[in-house]
Amino acid sequence: MTDLTELTAVQLVDGYRKGAFSPVEATRAVLDRAERIQPEVNAFVRLTGEEALDRARRAEERWRRGEPCGLVDGVPVTVKDILLTRGQPTLRGSRAVAPDGPWEEDAPSVARLREHGAVFVGRTTTPEFGWKGVTDSPLSGVTRNPHDPSRTAGGSSGGAAAAVALGAGPLALGTDGGGSVRIPASFCGIFGLKPTYGRVPLYPASAFGTLAHVGPMTRDAADAALMLDVVGTPDARDWSALGPASGSYTEALTGGVRGLRVAYSPSLGGQVAVRPAVAGAVRRAVERLAGLGAYVTEADPDFTDPVDAFHTLWFSGAARVVQHLRTGQRELLDPGLREIVGAGARYSALDYLAAVDVRMELGRRMGVFHEAYDLLVTPTLPITAFEAGVEVPKGAGYRRWTGWTPFTYPFNLTQQPAATVPVGVDGDGLPVGVQIVAARHRDDLVLRAAHALYEAGAAGAVTPPCGS
């Protein structure tokens, strides 16, 4: 019998259409899996079983009548506990957020999924206010890696990544302000996409400003394209949202990579020390792109590490997030968050604008770079998952999480689409991801290239031992 937790959203919809199984069966299987994995990996803040089953029953009736209400009718979905969901508290990983309602609004991405019949099965974990690249918080504790529970799932969308990897829903909504979709997706062996800024509307506006993106976390690129077709539509509440997409991302998947100009940067010009096992897996994926007809050149984008500018913008945003809290509430915060809040509060307006200048110049450089290259390919991360419960690997010499994520946050500064694709494991069986980046508004190219790797067998979700 088919294990419904192993199917993609595309496969579930196809099965519903054919009557092979029902949304209720799929939802029950996902909820059972979620309950089983929760004690080991801690992916969920809460599960919403009764509500999910009610939505699944209604979806089942619509499919029975041959009248599905949308592209993902009856498909189980999880939502990171950063995004508003009507009727459910959004605590953002913090003990300083009161759970009292009313919680009367959906975030735009949640609203679009609801309109298309998605079944919300649970709220996934996040570090406090999504501030770092691993997932642990004073509210919900440590989220662990499904491939080795002693390791981190990454963050800040760590619960979402672990849930998808373990079959607790094929679709997940994550957020990405400096890598928070791509980092945990890479560590957990799934696909994650940070779309062009504004492609997925965001409301309420993030205190981290235009660094903050919303994106799909899925088992493959086809599911991400399907999800982006749903959530990547305008919403009047976000004045910075893009207009309607020019076409279907699902339909754009089939173009392949033949003739595309691909720049392969293994270390951003020697700026990043990449572990050999990671470098090897990424190089093999790049060779497969060349074998599929892409014109691959080893070339580095012309920029130095913009981490200081990113810190100015990120830490200032963190200070703004908690500005309204009283002294007693601030004492409840993650100690690391309190540190960056203190730093952010000391920046001046001129410091902030100087960081914006760095950002603008980086964007210019990448715009010019993409006149010569359709895609940039790098490792997603220079390392694989490390010990759970810490911000940086022991002995690494880094002070903050940005020390081990140099490939991700530059493309939040530039607002470009960037995805991570699982392309193998290291010697410890921990997943390795390759990052694919395109010019702004070319999300279709990122998804096409990723889909080509999946179709060629060079990419695929890495099956974890936990929860099976």
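- Ion pair Glu128/Arg338 not flagged as a salt bridge, since none of the NZ, NE, NH1 or NH2 atoms sits closer than 4.0 Å to an Asp/Glu carboxylate oxygen.
- At least one donor-acceptor pair under 3.5 Å links the side chain of His213 to the backbone N or O of Leu211.
- Ring centroid separation for the pair Trp404 and Phe386 comes in under the 6.0 Å cut-off.
- No donor-acceptor pair closer than 3.5 Å links the side chain of Asp223 to the backbone N or O of Thr8.
- Here the side chain of Arg359 pairs a donor or acceptor atom with the backbone of Leu413 at under 3.5 angstrom.
- At distances below 3.5 Å, at least one donor-acceptor pair connects side-chain atoms of Lys194 with backbone N or O atoms of Gln416.
- Between Arg442 and Asp444 there is a salt bridge, with a side-chain nitrogen of the basic residue lying less than 4.0 Å from a carboxylate oxygen of the acidic one.
- No side-chain donor-acceptor contact under 3.5 Å links Glu391 to the backbone of Lys132.
- Arg199 places a side-chain N or O within 3.5 Å of a backbone atom of Gly232 that can act as its donor or acceptor partner.
- Counting all heavy atoms, side chain and backbone alike, Arg95 lies closest to Leu332 at NH2-O, 3.3 Å.
- With respect to Arg114 and Asp106, a salt bridge is recorded, a charged nitrogen being found less than 4.0 Å from a carboxylate O.
- Residue Ser180 comes nearest to Gly130 through the heavy atom pair OG-O, 4.4 Å, listed as atom of the first residue, atom of the second, then distance.
- Screening Thr90, Thr126, Thr85 against Lys80 for a side-chain contact (heavy atoms from CB on, under 4.5 Å) leaves a single residue, Thr126.
- For Ala168 against Arg33, the heavy-atom pair with the smallest separation is N-CG, 4.2 Å.
- Residues Ala172 and Ala160 share a closest heavy-atom pair of CB-CB, 3.8 Å.
- Considering only heavy atoms from C-beta on, Leu173 comes within 4.5 Å of Met227 through its side chain.
- Defined by atom type and a distance below 3.5 Å, a donor-acceptor pair is present between the side-chain atoms of Asp443 and Thr196.
- Looking at Arg275, its side chain never comes within 3.5 Å of a backbone N or O of Asp426 through a donor-acceptor pair.
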Under the side chain to side chain contact (heavy atoms under 4.5 Å, CB included) criterion, do Ile436 and Leu453 qualify, and how do the steps go? CA-CA 11 Å; Ile436 302 174; Leu453 287 174; 4.3 Å; yes
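- For the side chain to side chain donor-acceptor pair (under 3.5 Å) with Thr143, the qualifying choice from Thr152, Thr125, Thr135, Thr124 is Thr125, the only one to do so.
- The shortest heavy-atom contact between Ala98 and Trp103 is O-CZ2, 3.6 Å.
- In this structure, the side chains of Leu228 and Leu193 come closer than 4.5 Å at one or more pairs of heavy atoms.
- Taking 4.5 Å as the limit, every side-chain heavy atom of Met217 sits out of range of all side-chain heavy atoms of Cys188.
- Shown here for Thr408 and Thr380, the closest heavy-atom pair between the two residues is CG2-O, 3.6 Å.
- Using a cut-off of 4.0 Å between Lys/Arg side-chain N and Asp/Glu carboxylate O, Arg365 and Glu361 are scored as salt-bridged.
- In the model, Ser137 has no side-chain atom that pairs as donor or acceptor with a side-chain atom of Arg92 under 3.5 Å.
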Checking side chain to side chain contact (heavy atoms under 4.5 Å, CB included) for the pair Asp428/Thr384: CA distance, chi angles, key distance, verdict? CA-CA 9 Å; Asp428 294 323; Thr384 51; 5.9 Å; no
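- Checked by atom type, the side-chain pair Thr297/Tyr373 shows no donor-acceptor distance below 3.5 Å.
- When the options Leu289, Val296, Leu375 are evaluated for a side-chain contact (heavy atoms from CB on, under 4.5 Å) with Leu260, the one that passes is Leu375.
- Under the 3.5 Å distance criterion, with hydrogens and angles disregarded, a donor-acceptor pair is assigned to the side chains of Asp300 and Ser265.
- The pair Glu287-Arg284 does not count as a salt bridge, with every side-chain nitrogen at least 4.0 angstrom from each carboxylate oxygen.
- Side-chain contact between Leu333 and Phe129 is present, with heavy atoms from C-beta onward closer than 4.5 Å.
- Side-chain atoms of Arg261 come within 3.5 Å of backbone atoms of Ala372 as a donor-acceptor pair (strictly under, hydrogens ignored).
- Checked by atom type and distance alone, the side chain of Asp334 pairs as donor or acceptor with a backbone atom of Gly336 at under 3.5 Å.
- Partner of Val278 under the side-chain contact (heavy atoms from CB on, under 4.5 Å) criterion, out of Pro382, Pro379, Pro266: Pro379 alone.
- Atoms CG and CG, on Leu268 and Asp302 in that order, are 11.5 Å from each other to the nearest 0.5 Å.
- Of the possible donor and acceptor atoms, one in the side chain of Asn412 sits under 3.5 Å from a partner among the backbone N and O of Asp176.
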